[in-house]
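In what follows, every chain begins at residue 1, and chains take the letters A, B, ... in the order their sequences are listed. Quick note: numbers below take in every heavy atom, side chains included, and nothing from hydrogens, waters or symmetry partners.
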Amino acid sequence: MFSEKIISWYLINKRDLPWRNTRNPYKIWLSEIILQQTRVSQGLPYYYNFLEKYPTLEALATAPIDEVLRLWQGLGYYSRGRNLHFTANQIVSEYQKKFPENFEGLKKLKGVGNYTAAAIASFAFGQKVPAIDGNALRFFSRFGGINEPIDDPNTIKSIFNFAYDLMEGADPALFNQSVMELGATICVPKNPKCDQCPVRPECLAFSHRLQDKLPFKSKKIKVKERKLDYKILVNEDRIWLKLREAGDIWAGLYDFFSRELVPKLPVAYSFQKKHILTHQRLSISFQIIILENDETPDGGKFYSIKEIEALPKPIVIDEAFKITMKFLDQLS
DNA sequence: AATTCGGGGAA
DNA sequence: TTCCCAGAATT
């Protein structure tokens, strides 16, 4: 039987990951939010940091949002951090500190969608519901020989139903973990390791030699070219920063000055950076400009190096900040 | 249904 | 370079 095969493979070959050794819904929820669109290796240190700083749901709920976001710094998709904090507070104040114990209830939480609700419901509460993440989608697309684009909601639904049928009689948590682990380590996007796969004999993609054709998407990711032009305004050892507005990349993060300067002032140092993101390719020019007065145009203000290092929120392009620091060091 | 949220690693 | 990662929310 499929579920028995894949679960016995999992029990022998699984990675030892901290959130797999608990049924504490808080710890599982925390790990799932951190891991959304994030590799295990990238999220792991954040998971430890958060758990150390906030061992309980109440500790997280009580913390200032700025502190939470600062702990989130560098992980990206910062709305996850904001939702994390919001939901912790909501569960404390409206849910009597208890997570909903089923898929439908969990889905009502901010930042918890289909996958995350299914993951928590199965891992923490043993509910029979397939957790279809990117790994599972790829695995089932191949295993079932599903010749439909996996970025189509209808395909995702049919894969969900396909997985649900295969779960029959299995431990839901083990089943979901097994599928994701197989997708993450064996049924990988490129050059899948079919020779190590426990269910290769039943895999339709393998028998039809479609391992390298499945899954596929109907749409291609569009990458927008974008140029940004920053003036890094410096006054003695201080740098001008301003919080970015909502509605664009890096909303709510600290940003350098980015308007035309009138009158034009001499450029002390300049450098370029390319920043490759999923949907944008940013070409950024930085010009360090030394100001004699400390006027604070446009709502921002000058921050000392120490203040910047203790900033309550992340700063955009951390590398540019470091280059500026070096420049300031050489000045003095 | 399409777009928008980041950052990093693998091929 | 392109693709993808234990996706979700908004438009």
## Note on the structure
CD1 of A:I315 to CZ of A:R244, rounded to nearest 0.5 Å, is 12.0 Å
If you only use heavy atoms from C-beta on, which nucleotide in [options] is closest to the side chain of [X]?
| X | options | result |
| --- | --- | --- |
| A:I249 | C:dT1, B:dG6, C:dG7 | B:dG6 |
| A:H279 | B:dC5, C:dA6, B:dG7 | B:dC5 |
| A:T116 | C:dA6, C:dA8, B:dG6 | C:dA8 |

Using heavy atoms and a sub-4.0 Å distance, could you list which residues of [range] are near DNA chain B? By number, please.
| range | result |
| --- | --- |
| residues 127-146 of chain A | none |
| residues 69-89 of chain A | A:G74, A:L75, A:G76, A:Y77, A:Y78, A:R80 |
| residues 160-183 of chain A | none |

Atom pairs under 3.5 Å, N or O on each side, protein against nucleotides 9-11 of chain B: can you list them with distances?
none

### Query
With a non-hydrogen cut-off below 4.0 angstrom, is A:W19 in contact with a base, only sugar-phosphate, or nothing?
base
### Query
Looking across every strand, which nucleic acid part, if any, lies under 4.0 Å from A:K217 by heavy atom: base, sugar-phosphate, or nothing?
sugar-phosphate
### Task
List, by chain and number, the other hydrophobic cluster members for A:L214, where Ile, Leu, Val, Met, Phe, Trp and Tyr join if side-chain heavy atoms come within less than 4.5 Å, directly or indirectly.
A:L210, A:F216
### Query
So which of A:I232, A:D255, A:L311 actually passes side chain to side chain contact (heavy atoms under 4.5 Å, CB included) with A:L241?
A:L311
### Message
When you measure only distances, ignoring hydrogens and angles, does the side chain of A:Q42 come within 3.5 Å of the base of B:dG7 through a donor and an acceptor?
### Response
yes
### Task
Check whether the side chain of A:T38 and the base of C:dG7 form a donor-acceptor pair under 3.5 Å.
no
Produce the list of close N/O pairs, under 3.5 Å, pairing protein atoms with atoms of nucleotides 1-3 of chain B; give distances to one decimal.
residue : atom : partner : partner atom : Å
B:dA2   : OP2  : A:K219  : NZ           : 3.4
B:dT3   : OP1  : A:K222  : NZ           : 3.1

### Task
Determine whether A:I28 and A:F103 fall in the same hydrophobic cluster, where Ile, Leu, Val, Met, Phe, Trp and Tyr are linked whenever their side-chain heavy atoms lie under 4.5 Å apart.
no
